[in-house]
Novice: 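Got a structure for you, questions after.
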Amino acid sequence: MPELPEVEVVRRGLEAHVLGREIAKVDVLHPRSVRRHPAGARDFADLLVNRAFVAARRRGKYLWLPLDDDQHAVVGHLGMSGQLLVQPGAAADEAHLRIRFAFAAGDPELRFVDQRTFGGFAVAPMDAAGVPVPIAHIAADPLDDAFDDARFLEALRRRRTGVKRALLDQSLISGVGNIYADEALWRSRLHYARPTETLRRSEAVRLLSAVREVMAAALDHGGTSFDHLYVNVNGESGYFDRSLDVYGRAGLSCRRCEAPIRRDPFMNRSSFTCPTCQPRPRRARW
DNA sequence: CGGAGCTCCTGGGGGC
DNA sequence: TGCCCCCAGGAGCTCC
């Protein structure tokens, strides 16, 4: 389950391996992987052949590769299980290979492998700022220079929802998934059901700092992975679950106070909290 | 229009 | 051993 730091590692890999190379052939092996390309798989491939990627960019967990026509980009999301692999053409196809990008100069080729097919790609026009139109509505992520702290803190406290829901809302702040939301809330000692409108400014500031710390720590380790499905662009698995303080630690003791970590159902998934460090607010909202 | 809930998908794992 | 069901999750969509 790649989160922002893992996607950044993939972006760097793409930058190193696929830029400036003429695309010779694109095979779409599963239609669902191009479902965000309305004109279909054939059109997706035709728009890319004889073109080249000139950059590798990211916003939140979205990646895009601008083309040498200066107008379009391949844009996509890895979803839960997506991997971008740089592989020799002679390597056997992976069990869940969905898209193959082969280059005129030969090896290596780029492969999109995705077991659960939540991920996918499209060719889309870019807006004046160079952002693909389909993702122009996504907020900046907290590691982006363009992220406006003051504006985020204001918008957060104007919301009328639980603080974790707000963290997961990509129109407010992008790139925060379930794992890092729980980690950042634990660090800042906030319960997921805390109503956003009751957050003191200092608490909101602490929370934003914690989000950045969690992401930065993961990036330092070359991307976090808690799932064998996650593999970086070179196919090497990152592994960093020792750094997790609460996520997935139900019943284990809190690293701060030793109380047993609890797991609660949350939006058809889970939230992990320390009942002592993160007491449930009297007026809970989620 | 903001907020909340549903849906897509696959394979690992537990229960029986 | 085999079958069934639950679970993981981002984000687009729909509904109120």
Side-chain angles (χ1 to χ4, degrees), chain A residues 1-8 10 29-38 58-64 75-84 94-99 112-122 124 131-142 152 154-185 192-199 211 215 224-231 237 241 244 246-251 263-272 283-286:
Chain A
M1 47 194 96
E3 298 231 15
L4 184 149
E6 291 84 353
V7 178
E8 173 59 18
V10 170
L29 304 167
H30 196 303
R32 192 171 148 78
S33 297
V34 293
R35 67 193 180 283
R36 303 287 171 212
H37 189 86
R58 181 186 59 72
R59 174 179 285 186
K61 289 182 252 188
Y62 278 97
L63 286 167
W64 72 95
V75 56
H77 197 291
L78 300 178
M80 287 182 58
S81 55
Q83 309 166 17
L84 282 168
E94 290 75 9
H96 304 291
L97 177 61
R98 308 303 191 194
I99 307 176
F112 177 58
V113 176
D114 187 13
Q115 178 204 106
R116 278 169 262 188
T117 67
F118 272 55
F121 288 83
V131 179
V133 171
I135 62 163
H137 66 287
I138 299 285
D141 64 67
F152 166 74
E154 260 179 52
L156 175 68
R157 296 201 295 151
R158 269 202 309 271
R159 284 295 168 96
R160 292 291 179 270
T161 188
V163 66
K164 182 168 172 179
R165 271 186 184 277
L167 281 181
L168 297 176
D169 183 339
Q170 307 291 303
S171 67
L172 191 57
I173 179 172
S174 69
V176 182
N178 197 45
I179 296 170
Y180 292 175
D182 278 5
E183 292 295 309
L185 288 165
Y192 59 83
R194 176 71 178 274
T196 46
E197 69 270 29
T198 69
L199 284 172
V211 169
M215 288 182 175
T224 307
S225 178
F226 331 106
D227 186 330
H228 69 284
L229 288 171
Y230 169 67
V231 181
S237 195
D241 59 347
L244 292 177
V246 277
Y247 183 85
R249 299 192 68 243
R263 172 191 175 279
D264 295 328
F266 178 85
M267 292 169 71
N268 289 324
R269 43 195 69 113
S270 299
S271 276
F272 296 90
R283 199 154 66 78
R285 211 199 259 273
W286 71 94

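Below, chains carry the letters A, B, ... as their sequence lines are ordered, and counting in each starts from 1. Computed over heavy atoms, backbone and side chain alike; hydrogens, waters and symmetry mates excluded.
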Novice: Establish, with yes or no, whether the OP1 or OP2 oxygen of C/dA8 is under 4.0 angstrom from a side-chain nitrogen or oxygen of A/Ser270.
Specialist: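 Affirmative; the distance criterion is met.
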Novice: Would A/Ser174 and A/Asp141 count as a side-chain hydrogen bond (donor to acceptor under 3.5 Å, both in side chains) here? Give the steps.
Specialist: CA-CA 5 Å; A/Ser174 69; A/Asp141 64 67; 4.5 Å; no
Novice: Hey, are A/Asp169 and A/Arg159 close enough for a salt bridge, meaning a charged N less than 4.0 Å from a carboxylate O?
Specialist: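 Salt bridge between A/Asp169 and A/Arg159, a charged N being under 4.0 Å from a carboxylate O: yes.
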Novice: Looking at A/Arg263, I'd like to know whether one of its side-chain N or O atoms comes within less than 4.0 Å of OP1 or OP2 on C/dA8.
Specialist: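 A/Arg263 to C/dA8 OP1/OP2: side-chain N or O found under 4.0 Å.
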Novice: Does the side chain of A/Leu78 come within less than 4.5 Å of A/Asp114's, by heavy atoms?
Specialist: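 The answer is no, as the side chains (C-beta and beyond) never meet within the 4.5 Å cut-off.
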Novice: To the nearest Å, give me how far apart CG (A/Asp169) and P (C/dG12) are.
Specialist: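 Checked: the CG to P distance equals 11 Å.
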Novice: Take atom CD1 of A/Ile135 and atom C1' of C/dG10, then tell me their distance rounded to the nearest Å.
Specialist: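 Rounded to the whole Å, the gap is 14 Å.
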Novice: Whole angstroms only, please: what is the CG-P distance between A/Leu168 and B/dG3?
Specialist: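 For the pair A/Leu168 CG and B/dG3 P, the rounded distance is 14 Å.
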Novice: Specify the separation, in whole Å, of atom NE2 of A/His137 and atom C1' of C/dG12.
Specialist: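 Result: 8 Å.
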Novice: Using only side-chain N and O atoms of A/Arg165, determine if any of them is under 4.0 Å from OP1 or OP2 of B/dG3.
Specialist: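 Answer no for this pair, as no side-chain N or O of A/Arg165 is under 4.0 Å from OP1 or OP2.
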Novice: For a quick test of reading the model: is some side-chain N or O of A/Tyr180 closer than 4.0 Å to OP1 or OP2 of C/dG10?
Specialist: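 The answer is no; no side-chain N or O of A/Tyr180 sits under 4.0 Å from OP1 or OP2.
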Novice: Between C/dA11 atom P and A/Asp114 atom CG, what is the distance in whole Å?
Specialist: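 To the nearest whole Å, that distance equals 13 Å.
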Novice: Would you name the heavy atoms of A/Ile135 and A/Arg59 that are closest together and state the gap between them?
Specialist: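 Result for this residue pair: O-NH1, 4.1 Å.
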Novice: Considering the options A/Arg158, A/Arg157, A/Arg285, which one meets the side chain to side chain donor-acceptor pair (under 3.5 Å) requirement together with A/Glu197?
Specialist: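 One option only clears the test, and that one is A/Arg285.
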Novice: On the nucleotide B/dA4, are OP1 or OP2 found under 4.0 Å from the side-chain N or O atoms that A/Thr161 carries?
Specialist: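 Affirmative; the distance criterion is met.
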Novice: Quickly work out the A/Gln170 CD to C/dG12 P distance and round it to whole Å.
Specialist: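 From A/Gln170 CD to C/dG12 P: 8 Å.
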Novice: Tell me, do A/Pro142 and A/Ile173 make a side-chain contact under 4.5 Å, heavy atoms counted?
Specialist: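 In short, these two side chains touch, coming nearer than 4.5 Å.
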Novice: Atom pairs, N/O to N/O, protein against nucleotides 6-10 of chain B, distance under 3.5 Å?
Specialist:
unit_1: B/dC8; atom_1: O3'; unit_2: A/Arg32; atom_2: NH1; d: 3.2

Novice: Whole angstrom is fine here: how far is it from CZ in A/Phe266 over to P in B/dA4?
Specialist: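 These atoms are roughly 10 Å apart.
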Novice: Identify the heavy atoms of A/Lys164 and A/Asp182 that sit nearest to each other, and give their distance.
Specialist: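 Scanning both residues, the minimum pair turns out to be NZ-OD1, 2.6 Å.
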Novice: Starting at CD1 of A/Ile179 and ending at P of C/dA8, how long is that distance when rounded to a whole Å?
Specialist: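 It works out to 11 Å between those atoms.
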Novice: Indicate whether OP1 or OP2 belonging to C/dG12 is found under 4.0 Å from a side-chain N or O atom of A/Arg36.
Specialist: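 Result: no.
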